[in-house]
**Student:** 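Questions regarding the structure given below will be posed in turn.
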Amino acid sequence: MKQPEPVSIPVHVATPREMMWDCGNGLSYPFSKHSPRDRPSVFDVILALLSVLAVGYWVHQFEALNYRMGSETQLDFYVSVLGLLLSLEICRRVLGWSMTLVGLLAALYCYFGPYMPGPFAHRGFRLERIANHLFLTQDGVFGVMASVLVTYVILFIFFGAFLKKSGAGQFFLDFPMALAGRTVGGPAKVACMASTFFGSISGSAIANTVSTGAFTIPLMKKAGFRPHVAGAIEPSASMVGMFMPPIMGAGGFLMAELTRTPYVEIMKMAVGPALLYFLSVFTMVHFEAKKHNIVGVQDDIPRPLEILKKEWYMSIPLLIIIVLMLLGYSPGMSAFWATLSCIGVSWVRPENRMGLREIYEAILDGARSTLVIGATVGVIGMIVGSIALTGIGLKFSDIIISLSGGHLAVAILLVGLASLVLGMGVPVTAAYLITAVLAVPALDKMGVHPIAAHMIVYWFSQDSNITPPVCVAAYAGAAIAGSDPWKTGWTSFKFAKFLYVGPFLFAYVPRILLMGTWQEIVMAYISATLGTLAFSAVTMGYLLRKTTPVEWIIFAMGTYMCYHPRFTSDLIGIALIACVFFWQRYKNKKDGDGLATPQPA
């Protein structure tokens, strides 16, 4: 098979000394642009030692702190201040000023509460109370985010690093290419399938976009997709990895912790909606390709069975995780054995064999990947701790209910808007946790099931990946495609619109999350599948040919009716969609085309 031209990305080959220090805070993320990058500075070493001192003090004094809660010592206060300042500095180095300022403002809000406007005012707290609460208690820095990070997320991050190093990831490109490469718009469908496979392992839309996009985006451009469309399809498809088990990003583990629900149950609930999102993007890609008459890959590519016979063993690590968790093993234990299996899988082919050096490099890659989410732990703890200390969470719930006028749909839109604004300044995992603490109680009061409420917030928290003005994953796709980032961002928003449909389904059709009898669940998924297929056609303005305004309105009405899991509404929706389908088919025959006239790509 002829490979696409590779994307030119400058690569720096690390020296042994750089490799030794590259995981260090002073090198990967120096204090300033003038700081040395080949070694940690004296200041970096001092901060590292102070970090060990602050965390070590909390670990050593953990039991004693529980006994003297409310009557902390002066030393407790000094260590708390030190720990909070270190948390802010780590966040500033890794993530920049935006999230750092959010954490600082949250702490200041605890102090300046009496001076805030009406709904946001509170009595205020002394500095000692604020610092001790935010650092020493389990509502603060060492709260749920830190617990989930050390218990689950780090292990899965290292699993992803080992899987990549073992060469097993190639299977998740080769198999989709064999399945869909020859079909209409084949390269874009390959991007959807490969991103689903990769994303279910990486749990990061940005990492997914960069890793699979380096291959799929040039292939899409070569097939005839416009650069900004190719750059948008990949991040839109990469989003499915945030919803698809077994990993679902760190948010899935947080949801399990916050709802006190076994993670395997969260996985089961997430599979169906994730497949609906995948179906939405996949069919939109199909309609886009039909609209512009873009054919599949013309090169000679292997058949799916050939790939399975040759590379089936590469899927073993992923299967191990899924099977072990379904058998009742903990996510951490499942990730541990799957990581070890990556080493075994790598030895099947001589060119992929992982020796001591490759294992060391995989550990380094995993350690680097933990820095971004690890840097958020302290500041997220400060924000969540401030919400708990001031009681603003309950007030925020009342504000949402008041602004929505008691209408659930309006409340969901407000939650989505709040999540989008918050996502402009903080990573998606942080946006989910903070918004969940604030908004889930409001949705719960309005009759939404707690897990459905968390799923609503979790889906909305991903929108900053593909929704302008931030859309970081879309900007990564634009960089690979060489397209206009702003145009690419809005196009990715178009392809990922089901992201905004899912939360309404969770609220109004909880059977989508397996809440109900099996007959109700089956009916709900039949309706949702019909609605999603129709929604994709409505979004792209194309079915068998470009839809006219009247056809579009009828089709949109049919789509809305199909999303209601009732036999009557489904029949009405199907009838409306069928009318447009047969009318367009008649027009195609009358025009003598058999197909709609393709537009220039």
Side-chain angles (χ1 to χ4, degrees), residues 1-13 160-161 163-164 169-170 172-174 176-177 180-181 185-242 249 278 281-282 284-285 288-289 292 294 296-297 299 365 368-369 372 427-428 462-496 499 601:
M1 171 183 157
K2 185 179 179 181
Q3 298 292 327
E5 296 182 4
V7 180
S8 178
I9 301 176
V11 177
H12 169 66
V13 180
L163 188 74
K164 180 180 178 182
Q170 187 62 36
F172 300 113
L173 279 174
D174 292 343
M177 178 61 73
K189 293 176 180 177
V190 169
C192 293
M193 299 172 70
S195 296
T196 299
F197 284 131
F198 268 109
S200 67
I201 299 167
S202 71
S204 169
I206 302 171
N208 197 0
T209 299
V210 174
S211 57
T212 59
F215 172 80
T216 59
I217 291 176
L219 201 61
M220 284 188 276
K221 290 173 63 179
K222 181 181 177 183
F225 286 95
R226 291 163 291 178
H228 71 278
V229 175
I233 289 172
E234 178 58 45
S236 302
S238 295
M239 288 285 293
V240 73
M242 304 303 293
F278 166 80
V281 179
F282 191 87
M284 285 185 194
V285 162
E288 175 75 11
H292 298 296
I294 299 174
V297 176
D299 301 323
D365 290 341
R368 293 188 195 99
S369 299
V372 173
V428 291
Q462 309 302 318
D463 58 4
S464 60
N465 277 317
I466 47 86
T467 306
V470 179
C471 52
V472 286
Y475 289 162
I480 298 173
S483 58
D484 180 356
W486 187 250
K487 194 173 183 180
T488 304
W490 282 112
T491 307
S492 69
F493 169 75
K494 178 176 74 172
F495 280 101
L499 179 68

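Keep in mind that what you see is a predicted model, and the values were worked out from it rather than measured. Index from 1, following the sequence. Note that these values count all heavy atoms, side chains included, but never hydrogens, waters or copies made by symmetry.
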**Student:** Just jot down the side-chain contact (heavy atoms from CB on, under 4.5 Å) partners of Ala188, sequence neighbours excluded, or say none.
**Tutor:** Met220, Phe225, Ile233, Val285
**Student:** Taking all heavy atoms of Ser483 and all of Thr488, pick out the closest pair and write down the distance.
**Tutor:** OG-OG1, 2.7 Å
**Student:** Checking the side chain of Lys221 only, and the main-chain atoms of Ala230 only, is there a donor and an acceptor separated by less than 3.5 Å?
**Tutor:** no
**Student:** About how many Å separate CG of Asp484 and OH of Tyr475, when rounded to the nearest 0.5 Å?
**Tutor:** 9.0 Å
**Student:** How far does CG of Leu219 sit from OG1 of Thr212, to the nearest 0.5 angstrom?
**Tutor:** 12.0 Å
**Student:** Quick one: closest heavy-atom pair of Gly477 and Ile217, and the distance?
**Tutor:** O-CD1, 3.7 Å
**Student:** Looking only at heavy atoms, what is the nearest atom pair of Val190 and Pro176, with distance?
**Tutor:** CG2-O, 3.6 Å
**Student:** Does atom NZ (Lys494) have a neighbourhood of more than 12 heavy atoms from anything else shown, all under 6.0 Å?
**Tutor:** yes
**Student:** Do you know the tightest heavy-atom contact between Glu234 and Ser195?
**Tutor:** OE2-OG, 2.6 Å
**Student:** Ignoring hydrogens and angles, tell me if any N or O in the side chain of Ser492 forms a donor-acceptor pair with the backbone of Ile466 under 3.5 Å.
**Tutor:** yes
**Student:** Just verifying a value: how many Å separate Met239 CE and Gln462 CD, rounded to the nearest 0.5 Å?
**Tutor:** 5.0 Å
**Student:** Please name the pair of heavy atoms, one in Ala223 and one in Pro187, separated by the smallest distance, quoted to 0.1 Å.
**Tutor:** CB-CG, 3.6 Å
**Student:** Begin from the C-alpha positions of Val229 and Glu288 and carry the test side-chain contact (heavy atoms from CB on, under 4.5 Å) through to its verdict.
**Tutor:** CA-CA 9 Å; Val229 175; Glu288 175 75 11; 4.1 Å; yes
**Student:** Could you pull out all residues at least two apart from Phe495 that satisfy ring-ring contact (aromatic ring centres under 6.0 Å, His included)?
**Tutor:** none
**Student:** From Leu163 CG over to Phe172 CZ, what is the distance, rounded to the nearest 0.5 angstrom?
**Tutor:** 6.0 Å
**Student:** Do you know the tightest heavy-atom contact between Gly231 and Pro235?
**Tutor:** O-CD, 2.8 Å
**Student:** Sequence neighbours left out, what passes ring-ring contact (aromatic ring centres under 6.0 Å, His included) with Phe493? Give chain and number order.
**Tutor:** Trp490, Tyr500
